Amino acid sequence: MKIHIKDDLRKDLIFFSILFLIAFIWLVSSPNFFSLLEPDSMSYANGDAVRTSIYPFIIKVFYTEDSKYIYLIYFQIFFLTFSLIFLLFILRRQGQDLFVIFIIYFFLFANIYYISFAKTILTEAFFFSLINFSTSLLLLEKKLAKSYFFSATFGLVIGGIYAIKSVGFILFFFFFLSFLFFSIKYKKIKQILVCLIFSSIIPFLEHKIYFETYESRSNVFSKSIIGKIFVLSGSPQVKFENYDENHKSFLSIFKNDSKLIYSYISKLKNPFLIANLKADYEVVGQYQYEKQINEFKLNSGIQNFDHFKKQLGFKIVSSNPIEFMKVSFWHYFGLWSPGGKQLLVKNYEDLPLKSMLKNSTGYMISLNKIILFIAICFFSLLFFTFTIFSIRSILIILRREWEKFDASNCLCLICQIYLFSVSITNIATPRYLMPFYPVVLMIFCFYIKEGLFVIRKKKANS
């Protein structure tokens with residue numbers, strides 16, 4: 001029996017090594033959805049204070065004057081490809097049949113948008129990969145909870161998620177909570193301490209590197225606040241008489257443009273287009289009014305301007321919670337509707353603030369409308385299936401049916417918490433769905449497979 005297991009492992013290692021080689025060659029040669037340097041790229045390359053320090057440190061390690069970023073890009077391709085193949089390898093070792101493996105493999109590497117993040121200077125390649133490794137280890141459940149090695153590795157990986165991006169803290173917390181659940185379930189408490197110790201290593205290094213350069217921590221939260229103020233200021237529900245003179249003066253920077261956008265979008269009927277435009281215009285609000293904001297800051301004499309923005313942002317959100325939740329809902333829906341603007345806008349000249357909209361959009365390859373239509377249909381199907389599975393996971397918790405609560409349920413809820421957090425605090429872009437694209441795809445395949453099994457069973461019994 002042991003020989004048989006070893007033989008299976010040897011075969012799987014050979015098989016997945018071949019899959020890795022094919023995928024690696026494909027990633028190197030496939031068309032790139034983005035340019036090498038995106039609008040955010042230089043803030044990482046220059047080690048901007050609003051960024052965590054791990055990725056800028058990695059860039060410095062790989063960057064040379066002769067080859068520039070080429071070694072970094074090859075490493076990112078390797079790291080992302082390996083993380084995906086490792087996930088498929090774990091699924092196979094956990095008993096998934098080859099047909100499911102091939103389906104997931106195809107849809108992972110056929111998603112040019114997803115794999116293109118490995119070929120641009122952004123944190124996504126590492127962020128995606130660390131989530132893939134965390135997902136793989138969490139799928140082991142009992143083995144993860146019982147093994148000191150797996151527990152330490154899991155801690156190291158989720159610590160990397162925490163350190164690589166500011167939003168990583170949310171994922172770190174819920175991945176660790178899932179690990180805690182399985183540790184208690186299988187009565188392996190010592191491994192919790194092991195996981196905690198190793199999870200602190202990379203965040204500690206990030207903290208040390210960051211504060212060698214800067215005295216205090218900065219972040220991009222202020223940009224998000226400006227975006228929310230911008231989109232809400234155009235709503236008819238906002239009563240400007242409820243604000244003091246400084247707040248009114250600041251809101252007047254955005255009010256007319258925001259009302260113009262609000263009026264245009266309110267006449268639209270297609271939900272995919274509405275979701276895409278709401279996100280794109282919020283980006284306009286975040287980045288295209290810096291000159292006016294700086295002038296206001298200079299003339300107003302406000303000492304703590306960050307506090308002023310946070311105070312106004314909180315007031316406009318708390319005074320208009322329904323409008324804010326509507327915006328957040330559209331952002332959540334927009335995460336699942338890639339390419340809506342490119343497919344559905346008939347005349348770009350009719351769009352309000354079209355020059356500002358163009359400036360806020362980075363380079364992306366243009367796609368055939370048939371491909372965009374297929375993509376929207378595919379992600380709509382993923383959205384529908386994933387929503388049903390999420391509801392089922394919540395019902396398991398409410399009914400306290402813990403014997404049914406497995407790693408798939410944990411991953412589903414982690415993904416939903418992350419997506420809702422992004423929708424509330426930021427904007428809708430498929431870029432923010434992509435970290436969990438393998439998880440969504442995996443659960444979709446599991447759900448379809450389970451549904452087909454139930455149908456066959458009913459037919460056999462009838």
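Since the model is a prediction, treat every value here as computed from it, not as a measurement. Any value given below was found using the heavy atoms of this structure, including those in side chains, with hydrogens, waters and symmetry copies removed. Sequential numbering from 1 along the given sequence is applied to the chain's residues.
- Salt-bridge formation is detected for the pair D306/K309: a Lys NZ or Arg NE/NH1/NH2 atom is positioned less than 4.0 Å from an Asp or Glu carboxylate oxygen.
- Counting non-hydrogen atoms of other residues, nucleotides and ligands closer than 6.0 Å to CD of Q303 gives a total of 12 or fewer.
- Without hydrogens or angle criteria, N276 side chain to S337 main chain gives a donor-acceptor distance under 3.5 Å.
- Once rounded to the nearest 0.5 Å, the distance linking OG of S266 with CG of L268 reads 7.5 Å.
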Output, in order, the C-alpha distance, side-chain angles, deciding distance and verdict of side-chain contact (heavy atoms from CB on, under 4.5 Å) for F16 and L21. CA-CA 9 Å; F16 283 96; L21 187 60; over 6 Å; no

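- Between E323 and V238 the shortest side-chain heavy-atom distance does not fall below 4.5 Å.
- Between the side chains of E206 and T52, no donor-acceptor pair is found at a separation under 3.5 Å.
- Scanning all heavy atoms of the two residues, the minimum distance from M442 to L91 falls at SD-CD2, 3.7 Å.
- At least one side-chain heavy atom of I229 sits under 4.5 Å from a side-chain heavy atom of F250.
- The closest side-chain donor-acceptor pair between N132 and S83 falls under 3.5 angstrom.
- The aromatic rings of F308 and H247 are tilted relative to each other, their planes meeting at an angle between 30° and 60°.
- Both tests do not hold together for K248 against Y243: distance to the six-membered ring centre under 6.0 Å, angle to the ring axis within 45°.
- Partners of F102 by ring-ring contact (aromatic ring centres under 6.0 Å, His included), not counting sequence neighbours, listed by chain and number: F15.
- Counting heavy atoms from C-beta outward, Y289 and I226 have side chains that stay 4.5 Å or more apart.
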Are F179 and F175 close enough, and set up right, to give a ring pair (Phe, Tyr, Trp, His ring centres under 6.0 Å), and what steps lead you there? CA-CA 6 Å; F179 176 81; F175 268 118; over 10 Å; no

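- A salt bridge links K228 with E282: the distance from a Lys NZ or Arg NE/NH1/NH2 to an Asp or Glu carboxylate oxygen falls below 4.0 Å.
- Under the 3.5 Å distance criterion, the side-chain polar atoms of S30 are matched with a main-chain donor or acceptor of W26.
- Proximity of F33 to T120: side-chain heavy atoms (C-beta onward) are nowhere separated by under 4.5 Å.
- Side chain of S249 to backbone of E245: no donor-acceptor contact under 3.5 angstrom is found.
- The shortest heavy-atom contact between I316 and L251 is CD1-CD2, 4.1 Å.
- By the 4.5 Å heavy-atom criterion applied to side chains, F384 and T387 are not counted as neighbours.
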Which donor-acceptor pairs under 3.5 Å do the side chains of residues 64-73 make with protein atoms, sequence neighbours left out?
from : atom 1 : to  : atom 2 : distance (Å)
T64  : OG1    : S67 : N      : 3.1
T64  : OG1    : S67 : OG     : 2.3

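- Note on ring orientation: taking the six-membered ring where Trp is involved, the planes of W336 and F386 are tilted (angle from 30° to 60°).
- Below 30°, between 30° and 60°, or above 60°: for F126 and F75 the angle between ring planes is between 30° and 60°, a tilted geometry.
- Side-chain N or O atoms of S199 include none that pairs as donor or acceptor with a backbone N or O of I158 at under 3.5 Å.
- Within the 4.5 Å cutoff, side-chain heavy atoms of K119 are placed close to those of I77.
- A donor-acceptor pair shorter than 3.5 Å cannot be found between the side chains of S53 and K208.
- S235 places a side-chain N or O within donor-acceptor distance of the main-chain N or O of Q237, the cut-off being under 3.5 Å.
- Ionic pairing of D40 and R431 is present here: one or more N-O contacts between side-chain nitrogen and carboxylate oxygen are shorter than 4.0 angstrom.
- Looking at D406 and E141, their side chains come closer than 4.5 Å, going by heavy atoms from C-beta outward.
- With values rounded to the nearest 0.5 angstrom, M42 atom CE is found 11.0 Å from D48 atom CG.
- C412 approaches F389 most closely through the heavy-atom pair SG-CD2, 3.6 Å.
- No donor-acceptor pair under 3.5 Å is formed between the side chain of Y55 and the backbone N or O of Y44.
- Ring pair F272/F333 is tilted by interplanar angle, where 30° to 60° counts as tilted.
- The aromatic rings of F378 and Y437 lie perpendicular to each other, with more than 60° between the two planes, well past the 30° mark.
- Relative ring orientation between F117 and F34 is described as tilted, the plane-to-plane angle lying within the 30° to 60° band.
- Around the CZ atom of F204, the shell of radius 6.0 Å holds no more than 12 heavy atoms that belong to other residues, nucleotides or ligands.
- Atom CZ of F82 is surrounded by 12 or fewer heavy atoms from other residues, nucleotides or ligands within 6.0 Å.
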Side chains of residues 413-425: which donor-acceptor pairs under 3.5 Å do they make with residues two or more places apart or in other chains?
from : atom 1 : to   : atom 2 : distance (Å)
Q416 : OE1    : Y332 : OH     : 2.6
Q416 : NE2    : Y332 : OH     : 3.4
Q416 : NE2    : S390 : OG     : 2.7
Y418 : OH     : Y432 : O      : 3.2
S421 : OG     : I417 : O      : 2.7
S423 : OG     : Y332 : N      : 3.3
S423 : OG     : L419 : O      : 2.8
T425 : OG1    : S421 : O      : 2.7

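- The aromatic rings of F78 and F24 sit perpendicular, their planes meeting at an angle over 60°, well past the 30° parallel limit.
- Here the side chains of F383 and V440 are not in contact, with every heavy-atom distance at 4.5 Å or above.
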